[in-house]
Structures are given as structure tokens and as C-alpha cells.
Engineer: 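Here you go, one structure.
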Amino acid sequence: MKKGDHLFLVDGSGYIFRAYHALPPLTRKSDGLPIGAVSGFCNMLWKLMQSARDTSVGVTPSHFAVIFDHSAKTFRSELYPEYKANRSEPPEDLVPQFGLIRQATKAFDLPCIEMQGFEADDLIATYARLAREAGADATIISSDKDLMQLVGDKVTMYDPMKDREIRVAEVIEKWGVPPEKMIDLQALTGDSVDNVPGVPGIGPKTAAQLLEEYGDLDTLLERASEIKQNKRRESIIANADKARISRDLVRLRDDVPVGEALDELVLQPPDGPRLIAFLKALEFTTLTRRVAEATGADAAEVEAASVEVDAPARARGPDLDAGAGQTPAGQAGDDKGEQTAVGGADEPSPAALAAKRAEAAAAEAIDRSAYVTIRDMETLRAWIAEAREAGIVGFDTETTSLDPMQAELVGFSLATAPGRAAYVPVGHKQGAGDLLGGGLAEGQIPFDEALQAIGGLLTDPAVLKIGQNIKYDWLLLYQHGIAVAPVDDTMLISYVLDAGKGGQGMDALSERWLGHVPIPYKEVAGSGRNAVTFDMVDIDRATAYAAEDADITLRLWRVLKPRLAAEGLVSVYERLERPLIDVIGRMEARGISVDRQILSRLSGDFSQAAASVEEEIYELAGERFNIASPKQLGDILFGKMGLEGARKTATGQWSTSAQILEDLAAEGHELPRKIVGWRQLTKLKSTYTDALPGFINPETKRVHTSYALASTSTGRLSSSDPNLQNIPIRTVEGRKIRTAFIAEPGRKLISADYSQIELRVLAHIADIPQLRQAFADGIDIHAMTASEMFGVPVEGMPSEVRRRAKAINFGIIYGISAFGLANQLSIPREEASSYIKKYFERFPGIRDYMDKTKAQVRENGYVETIFGRRAHYPEIRSPNPHQRSFNERAAINAPIQGSAADIIRRAMVRMEKALADAGLDSVQMLLQVHDELIFEAPKNDVAAAIPVIRDVMENAAMPAVSMAVPLHVDARAADNWDEAH
DNA sequence: GTGGTCTCCTA
DNA sequence: GTAGGAGACCACA
């Protein structure tokens, strides 16, 4: 070996475990032999070897070896008997793959190296050293942190799964120390997997910090007494020996007397037929074809090799495709006896009817083998005709992303009757699971043709499309110019029926109503770092998964839809839920414009400010530490500095909440004040200015949040990815972020928000004369409350008095407790109690409302908004008083918060038509923030739009409910959200 | 990587 | 005292 040569060292043992956990667990040969890890391994080897031929790729191996662990027993066990002693037996379906992977290595004609007494890592270290000394380069194919100590000038690592190189910079980025300090770092942190003890309480971050300060482990241990933090110092002193042993365990030996010389590792061109024989035996068809193409061998000529399996082979039988651990028929049968009561058989007759449907659905087994894959237009047309005939169709799409604004359609599924479902693949890629990806897989209808055909059905007014969270599918198809209608949504139906009784996700609903566990998405497409997009999923597996979803959706609809009528909830669904699907869909599709420059400038400002505060903090603390760690911070404040007024959190940690820190600051302590400032700056930076630009859609250049219609117990929407319902407003610094939300040139943002909507709802529901009067007269409601309670005239009222009344008003809405009010106002509990007592004396209707609500929720298990939406509290009868009180407060709040939520939902449903009727089609509703709607409008339309918007919002409760108090809306327009609000 | 904890942003 | 989502840290596998 000489300069310019390049040695590839594959960490075979590491790869096996990683691939096993990375790849979908059900990858099996047709006879049930588990081969997922072997498959990944072969693909990787092939790809790496191919890079040797493709000289356009920077790195090309001239030498190549695959290294394995020989057995668990190595010299390390003698150093420390517990080393790796906690290792459990490998999973049974992994065991046969160990031998297969060695056989695979040989089939590739690659050296397969292992040695008794040493780990693969030691062999790798040794070969890396030999290569380095020969002037050659080495690349270690692994991402194991244990190998990072070897990284240097001539030695790099390559993570084959993430396709990422790991060099010195990457090690520093990940661990905070250069490769040569990795040994010391690991000596401190230990490794729970391998049973390397390390020093308890020292994690990677702390370890890196210590090594930066003291240089190396020996120095650190010598000077441990200088460490300021009590706990840390004591732990390090007490565990110095463990640290030293750990260092010996993690340090790799690069002097192993290796058998094969470097020159024996020269990479040979693959022996096509031999390799093909092996690949055929394992049924790796794609790779077989690829190897045949590359080597010029004729795969058809080659006979599959006989492959020996050396351990408890076929783990669980071959029928796993039907779903691991799921036996649909048996399950449904077993559960039948217990499930007959589901749906409330003892309720009045319409409900009993619905319950009967539920019972039938649960008893009907789900048989995936009947699902059809539609691969030609003729079949598709037949299914579409069938759906038209039925008038209803369960529908679902499969895509490449959870974000419907970025997702690409991969296929869609239809269900026309329970058990009768089909999947139409249109965008599956060839060579699923392979590292190289080909074009489209064969046997799919061309995308445009399929879309054209299905578009007719999806927009056919005579066919009801039933989806689970169909807003997603609606949005996706909306990008393709298809506005799906009419629709029903099982998630929303369930939400109307059972909000508060558990999730409305399809898996939960299927289990609850059908007694069936659907194929988990993870099992089809993997999860975590090894997740693949759906277009890479094998079409047969995709069919089982996707058709099942459409089937289940249709079955759920048959169970749930009748319950709406039976339980008197049709109008809630029809007026507050169903119409919102496309309204919200359009809002999400529009998105909002966010100015990248403003955010980036703010990010810089925050960063600089935080850095300078950081220095002051270290100065005041007398040491450097991780300010973001509540644990470390608590130790500094209450341990080292011994500040008074410490409180503990639920888990016994020092609390370092802003409340506590501000109390300390008020006593004249400088450090807590600085911490609060630092927290604010870093919060604004990380959560907003740094994160938001990443949500700017590359196509539309706008930010598209996602609204969840069925995620809250009260009827509110929630917003995520990004959450645009919590953009800062309270502080000057925070408000700056709002200036980045802007209108397009020539347009304005209009913000319209309800004033005091929840207190108005309360005044209406509880029928409080003084509150009604005050709202009718447009009086300051908190001042009025204060005046009633404390007898202070509204004129010239001290702001502190008003502040207390305001807190009480909010407390009422939240289901007041003396404890909570005392906390909020920082007053003694007794004082808070007397306020509440006083409040109830002045406003007896409030107490009546609260008592009535508590009785109602206890009796029925749910409460209702003024529009009849229900919020369920199944835990209300909990024997745990904490639980019970919590549920009572939530139940008191729900009708208030929920009615307000219903009102703005009604406004949103009516808004588009009202604007269109006024000739304001180009005024677009963009966002909802609970009591506020944000619009974007051409400058010239603003003046006309505001009265229309106000009118719709202020009259949104009518005619269903005639409010006893007027609703009031403030609206304003400006170039950005800060000024418009 | 996942999940729990703590903290903090909104209405 | 109500309703949410999210980032950082840290222990666990």
C-alpha cells in the first residue's frame, strides 16, 4: 500500500445491528427467513464497490475489508468484568443473519476479518494506523461514536445510511471536542449500552465543557477539587477510578497482530456469477439485476446458491404479511363478548340503533387479502363506476410528506363497501429499499391519466367522498386543481361525538370501533432515520396498507355517522365542522408572507445581545456553565450561591421559572435578572427567528401553517408546523417578530379581533346583569368589576386595583381556585379566598353557573357550548381529588372557551361568501388566532372589507343564538402584523 | 432516536 | 385556575 491508495474499512458488526433496527422488521424471504439486515448490507457493499469504478466520485477505494467482532469475550472483559455484561441476547430474527452477512461478504469477494479477543473496532484502529503509516488514506464505514477517536487527517468516517462523511469538524460539531479528546469524553460520560461506567451525572455537554476547561482527563482528575459545582466535584472525585477504567475500555488498540497484510486487501472486481448466485438465493431481485447489468453476467443463467443458515431460522412463520401479531379474525371474535356494550346500548332507541351498527362493524373481520391493486385504466374505470353506483366512497391518498403543501401524490385508495377496497399506485419508484433509486416502478397507470379519471369522481356532486382527516387529501388535490366535494370526515364526526374521550386518529378509532389494529405506518415505511418516503414502498405492501385505510375509513363512517343523528349532533357537525374543511384548506394553501431579511437581522441582534448577557452571567456566577440547563442553573443559584426562596418542581428539581427568578431579582439579585433576559433572547431566537425561515415553502415563498380541527377538547383550533397562534406580542422585543409577517406589495394585512369575547360569553351564559349592562354600555369591564368588588369609583381607579379585578375575571373563566389566584397575584391564599367570596357575593349568577356546570358534568360526563358542541370529561368522577378538581375547572371553562371558538368558526364559514357578495373576492382570510382573524387585501379594498368582516364576526352567533351581550370587533389594516394588530 | 421534564410563547 | 405547540436538555435504550 502506498500514498494515494485508499482503504475502506467496513464495520460489519456495527452495520448488522444498525441495519436490523433501521430497516422495516418484516423484510423476509418468501420462506419466512428474516433478511432485512443482510439486504441492507449487500446494497451498501455494492454501492461502495461501485464507487471504486466511478472515478468521478471523489473517494474511490483501492483496498477494502469488512471487519467483524469475533465474540463478546475480549481483553476488555479482563479489565472490567461488567463490560458489555448487560448485553442481552440478540433478537431471534437477527441471529441467522450474522452468518449470512459473512457469507455475503465472501460472495462479494471481499476479505472478511475477525480475531479472537479483539473487537472489530480494534482491528479497524489497527488497519487505519497501518494505512496512515503507509501514507494512504482510510475511510471507516460506520457512524459509531466509539470509532470517532480515530478520525484525523488521513482517516475519515462515512455513515452509509445518512450518506454523510464524518471528519474532524463533524466530530467537534457533534461532541464539542476534537477526535483526540473523544476517549476522555467517553471516559467521563460512560456508555450505558456497553456498561462503561463513566462518571455518574456527567453527560456529553458537561464532559465537553470540563475538557475544554482542563484540557484532558488526567488534568481534570488532578484538579477536580477546583470544580465549583458541589455535586459534580464530588461525583468526579468519587468516581476517578471509574473514569480511568472507562478510558481504558473505550481506547481502541491499534496494535492488534493482524493476520492479513494490507496488500491482501486489494479490491478485486466482483465475480458476477458467484455474487448473483448468492443474491438470487436470498431473492434480492433488484440487486441481482443491477449486478448482472454491471458485470455483464446473465442472471437467468445463474442458479441460486445454496445458503446455509446457522441458527434458529424461520422465526415466526411466513404469514407475517398479514400483520405482525394481528390476527384480525381471532381478535374480533375474542373481543365480541366484551364489546357488545360499546356505543351505549342502554341509551334511547335511536342510539341503540347506532350501537347495533357498531356491534356489527366490530364483528366483521378485516381481510386484507381481498384488496386489489389497480394497474390499468380499465380496472380503474370499473372501480369508479362502482363508486358512482354506491354513491359513497372511502378515499385516501398516499404521499411523500406529512405536509400537504409539499407532498407528492404516490397513490390513492378507494373503498366502495366494507372489505372491498383497492389501491392505485401512480408514483412508486423502482428499486424500493435500494440505495440507488431508479425511475418509476412498472405496472402503474400514468399519473396524469389516473388523476384525470379520479378527478371526475372526486368532484362528482352525487358521490360522497369519505376520508379520515380529509383536509389533508383535499389540500393535496387542491394543488392539482381538484376541489374534492362533497366530503365527510370520520375524524371530525368522531370529534363531534367524542371530544375528550381519547384520540380521533384512525388507529385509535379502528381499535375502538372495529376492534382491529391497522398496519402501522412504521411497519410499511420505517421510522426515524431509516424512514423512507412512501414512493419507495413496495407496491404490494403499499396496497395492503393503503387499501386498508380506505376500507377502515368507510367502515368507521358506517358506525359513526348514524350516531350524529342519534345523539342530536348533526347540526354541530354540519355547521361547525364539515364546512370548515375547505375554508381552512384554502387558508392553509394561501399561507402568509414572511420577510426572511427581517428575521435574519433579528436573529443576529438577539444572538449578539444574548452573547453579551452570557458573559455577564458567567462573570456573576464565577464560572461557565450551560445556562439553558435548568439543572445546572438551579445548582448555581440555589446550590453554589445559596439564594433564598428556592422552590422545587414536581420532580424535586430546583425550579428556575421566570416567576422565581423575578422574585429573586426583586430582592436585588443581579444574576437571576440576567438569566431572565437571556432566556427571553434565546427563546425568541430559537423558536421564532431561527425556526420560521425554515417553514417558508420553496414554491410559494410563503409560510403555510397547519390547523388541527379536532385536537382540542373545547372546539378551538390548534396550529402547528409552524404554530402561528403563539407569535410573541407582549414584549417590545417579541413584537419585532410580528413585523416580519407582511402583506405583498400593493396589499395590506387586516387584523380583526373580538374584544373580550370570553367574558361576553360568560355574561351571556351565566346571565350576569352587571356584566351585561357594562358590555351594553361599552364600559371597561375590569374597572367595573373592581368597582363592584372594592367600592372604588371607576374614575381615577388605581391601576393595581384594576389589575386584581382583571386577574379575577380571567380566573373565573379558568374555573377559579384560591390557589391559582393567589399564585397569579402573588398574594396569600387567604386573601385570594376572600376575593373569590366577595366576587360570588357581588355576582351570584357566576356561582350558580359554576355549581350547575359541575353538577352537569358529573351527571352526564360532558358539558355543552351554546351551540351544542360537547366536551367530555370521563375522569370527572375520579377518586383523586386533584384529578377531579382539575376536570371540574376544565368543565367550567369549556362552555366559555368552546362557545367563543364556535362563534369564530361560524364567522369563518360565512366569511368568504360575505366578502364575495360584496365584490371583495380578492380579500383573503389567512390566519386564525382564537379570537382574531388575519386577512390580506388589495390596498384599495381595505376600506370596504373592514365593515364586511366586522359585520360577519359580530353577528356570527345569529341566528342560532341571540346573544344577551353585543359582540365587538376591532379591525385595523397595515403593512405588517405588528402594526395591524 | 424516543420520551420525559422544564420552560415559555399565545389566546 | 383554561386551551394549545415547541425548543433545549437529559436519561434511557
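So you know, we letter chains A, B, ... as the sequences are listed, proteins then strands, and number each from 1.
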Engineer: Starting at atom CH2 of A:Trp654, determine the distance to atom C1' of B:dC6, rounded to an integer number of angstrom.
Structural biologist: 16 Å
Engineer: Encode nucleotides 8-13 of chain C as B, S and - characters from 5' to 3', where the letter depends on protein heavy atoms closer than 4.0 Å: B to the base, S only to sugar-phosphate, - to neither.
Structural biologist: SSSS-B
Engineer: Report the residues that fulfil side chain to side chain contact (heavy atoms under 4.5 Å, CB included) with A:Asn809, sequence neighbours left out, ordered by chain and then residue number.
Structural biologist: A:Leu759, A:His782, A:Thr785, A:Tyr839
Engineer: Kindly state which residues belonging to residues 709-734 of chain A come within less than 4.0 angstrom of DNA chain B, counting heavy atoms of the residue only, listed by number.
Structural biologist: A:Arg716, A:Gln725, A:Asn726, A:Ile727, A:Pro728, A:Ile729, A:Arg730
Engineer: Apply ring-ring contact (aromatic ring centres under 6.0 Å, His included) to A:Trp175 and list each qualifying residue two or more places apart in sequence or on a separate chain.
Structural biologist: none
Engineer: Considering only heavy atoms, which members of residues 883-893 of chain A lie under 4.0 Å from some atom of DNA chain C?
Structural biologist: A:Phe886, A:Arg889, A:Ala890, A:Asn893
Engineer: What pairs with A:Tyr835 under ring-ring contact (aromatic ring centres under 6.0 Å, His included), at least two apart in sequence or on another chain?
Structural biologist: A:Phe790
Engineer: In this structure, how many angstroms lie between the C1' atom of C:dG4 and the NE2 atom of A:His930, rounded?
Structural biologist: 6 Å
Engineer: Side-chain polar contacts of residues 195-209 of chain A - donor-acceptor pairs under 3.5 angstrom, sequence neighbours left out - could you list them?
Structural biologist:
unit_1, atom_1, unit_2, atom_2, d
A:Asn195, ND2, A:Glu82, O, 3.1
A:Gln209, NE2, A:Arg624, O, 2.8

Engineer: Holding to ring-ring contact (aromatic ring centres under 6.0 Å, His included), I want the full list of residues that pass it with A:Tyr521, two or more places apart in sequence or in another chain.
Structural biologist: A:Tyr545
Engineer: Can you name the residues that form a salt bridge (charged side-chain N to carboxylate O under 4.0 Å, His left out) with A:Lys145, not counting sequence neighbours?
Structural biologist: A:Asp191
Engineer: Specify the separation, in whole Å, of atom CZ of A:Phe17 and atom C1' of B:dG1.
Structural biologist: 17 Å
Engineer: Please identify each residue that fulfils side chain to side chain contact (heavy atoms under 4.5 Å, CB included) with A:Pro828, with sequence neighbours left out.
Structural biologist: A:Glu830, A:Glu831
Engineer: Could you list the residues that satisfy side chain to side chain contact (heavy atoms under 4.5 Å, CB included) with A:Arg803, not counting sequence neighbours?
Structural biologist: A:Glu800, A:Leu825
Engineer: Under a 3.5 Å threshold, yes or no: a donor from one side chain and an acceptor from the other, between A:Thr865 and A:Asp902?
Structural biologist: yes
Engineer: Give a yes or no on whether a donor-acceptor pair under 3.5 Å exists between the nucleobase atoms of B:dC9, that is its base, and the side chain of A:Lys683.
Structural biologist: no
Engineer: Rounded to whole Å, please give me the gap between CD1 in A:Ile627 and C1' in B:dC6.
Structural biologist: 16 Å
Engineer: Compare the minimum distances between each of C:dG1, B:dA11, C:dG5 and the side chain of A:Phe819, then state the nucleotide with the smallest one.
Structural biologist: C:dG1
Engineer: Over how many whole Å does the gap from A:Gln897 atom CD to B:dA11 atom P extend?
Structural biologist: 13 Å
Engineer: Kindly give the heavy-atom pair with the smallest separation between A:Ile816 and A:Ile808, and that separation in Å.
Structural biologist: CD1-O, 4.1 Å
Engineer: Between B:dT7 atom P and A:Leu661 atom CG, what is the distance in whole Å?
Structural biologist: 9 Å
Engineer: A:Leu821 near the nucleic acid: base, sugar-phosphate alone, or nothing, with a heavy-atom cut-off under 4.0 Å?
Structural biologist: base
Engineer: Checking A:Tyr862 now: which residues fulfil ring-ring contact (aromatic ring centres under 6.0 Å, His included) with it, not counting sequence neighbours?
Structural biologist: A:His872
Engineer: Take the protein atom CD1 of A:Ile896 and the nucleotide atom C1' of C:dG1, then report the distance between them rounded to whole Å.
Structural biologist: 12 Å
Engineer: Which one, B:dT7, B:dC8, B:dA11, comes nearest to the side chain of A:Ala658?
Structural biologist: B:dC8
Engineer: Atom CG of A:Leu933 to atom P of B:dA11: distance rounded to whole Å?
Structural biologist: 14 Å
Engineer: Ignoring hydrogens and geometry, is there a side-chain-to-backbone donor-acceptor pair from A:Ser720 to A:Pro722 under 3.5 Å?
Structural biologist: no
